[in-house]
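One structure is given below, encoded as structure tokens.
This one's a predicted model, so the numbers in the text were calculated from it and none came from an experiment. Counting convention: from 1, in listed order, for ligands and their atoms alike. Hydrogens, waters and symmetry mates play no part in the numbers below; they use all other heavy atoms, side chains included.
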Amino acid sequence: MEKMPYRMELDVHFPQRTIDPVIATITTDWRQGLPVLTGAMVTLRELKASDATSLCALLTTEEVSRFISPPPTTVDGFERFIAWTLRQRRAGSYACFAVTLDSTDTAIGIFQLRELESGFGTAEWGFAIGSAYWGTGVFQDGADLMIKFAFDTVGVHRLEARAAVKNGRGNGALRKVGAVQEGLLRKSFQKDGEYLDQALWTILKEDWASRTIWSAADGLIIH
Ligand SMILES: CC(C)(COP(=O)(O)OP(=O)(O)OC[C@H]1O[C@@H](n2cnc3c(N)ncnc32)[C@H](O)[C@@H]1OP(=O)(O)O)[C@@H](O)C(=O)NCCC(=O)NCCS
């Protein structure tokens, strides 16, 4: 997600939304607290205030932040971001997981999911991981957990992602988890005073389900 929905200047409390009873039947109680998702290498769990220190150290570097909305710049700013993610999750419009290695509870990145239409039929996801963990399989493992959470738990039908065309790793990462590039959003993201083109990538629930069946039959991946 190039445009992280969190904006410090708009960080105000708002009343919680009443959960639509129809939606409530197709989802679990993730709005009350995110589940802990365990993969082969990583665990995704809810953010907590104490994650601010490691996230500030890992996500504010030039290589991580180059093609995404500016993250908070201080530990205090990350603490406020984390508090905001919890309020948004309770409101039912957004979820943000910390990425931790199975061997330690330190947050080394985040996966975010936000509602693009009421009821979460269409959603957008985004991710950032400390550069020390790039190319290690951490992303793939976390992405598999996040995609499954979006489709199976939240009830998403269409999962979108936007990546600046210049962001080679971001686009490569989306391609390798099975996203399809649908188009080009010209000059749609402003970064450091420059408007950048973004690629629009999508995964449909049915694409993911058939890929899962194919992979299971092939003995490669079982979601
Ligand atoms: C996006 C991110 C989470 C991906 O994690 P990662 O560990 O780097 O991803 P992976 O290495 O598993 O996958 C990236 C793929 O892109 C490929 N790639 C790397 N550089 C590339 C380039 N310039 N052009 C095309 N593909 C490229 C890699 O080879 C890899 O594919 P492979 O595993 O088949 O070889 C991580 O790079 C990150 O946090 N980036 C900064 C934040 C960001 O840009 N977020 C994305 C917003 S859409």
For ligand 1, which part of I68 has a heavy atom less than 4.0 Å away: the side chain, the backbone, both, or neither? side chain
Less than 4.0 angstrom from a charged side-chain N to a carboxylate O is my criterion; do E194 and K166 meet it? yes
Using the side-chain contact (heavy atoms from CB on, under 4.5 Å) rule, pick out the option among L44, T43, V36 that qualifies with T100. T43
Tell me if the centroids of the rings in F139 and F127 come within less than 6.0 Å of each other. yes
Does the pair D207/R158 count as a salt bridge with the N-to-O cut at 4.0 Å? no
For atom 18 (N) of ligand 1, which of A179, G168, A173, G130 has the closest heavy atom? G168
Heteroatom distance test (N167, ligand 1): nitrogen or oxygen, under 3.5 angstrom: yes
To atom 37 (O) of ligand 1, the nearest of F127, W125, F111, W134 on a heavy-atom basis is W134
Hey, looking at atom 8 (O) of ligand 1, which of R162, E63, R169 has the closest heavy atom? R169
Under 3.5 Å between some N or O of ligand 1 and some N or O of L174? no
Establish, yes or no, whether a centroid distance under 6.0 Å links the rings of F149 and W125. no
Going by side-chain contact (heavy atoms from CB on, under 4.5 Å), name the residues that satisfy it together with L86, two or more places apart in sequence or in a different chain. E46, R89, R90
So is G135 touching ligand 1 or not, going by heavy atoms under 4.0 Å? yes
One thing to verify: whether R45 and D105 come together as a salt bridge, which I'm taking to mean a side-chain N less than 4.0 angstrom from a carboxylate O. yes
Would you say Q140 touches ligand 1, if touching means a heavy atom closer than 4.0 Å? no
Using a plain distance cutoff, I'd like to know if V64 has any nitrogen or oxygen under 3.5 Å from a nitrogen or oxygen of ligand 1. no
Side chain or backbone, does F139 bring an N or O within less than 3.5 Å of an N or O on ligand 1? no
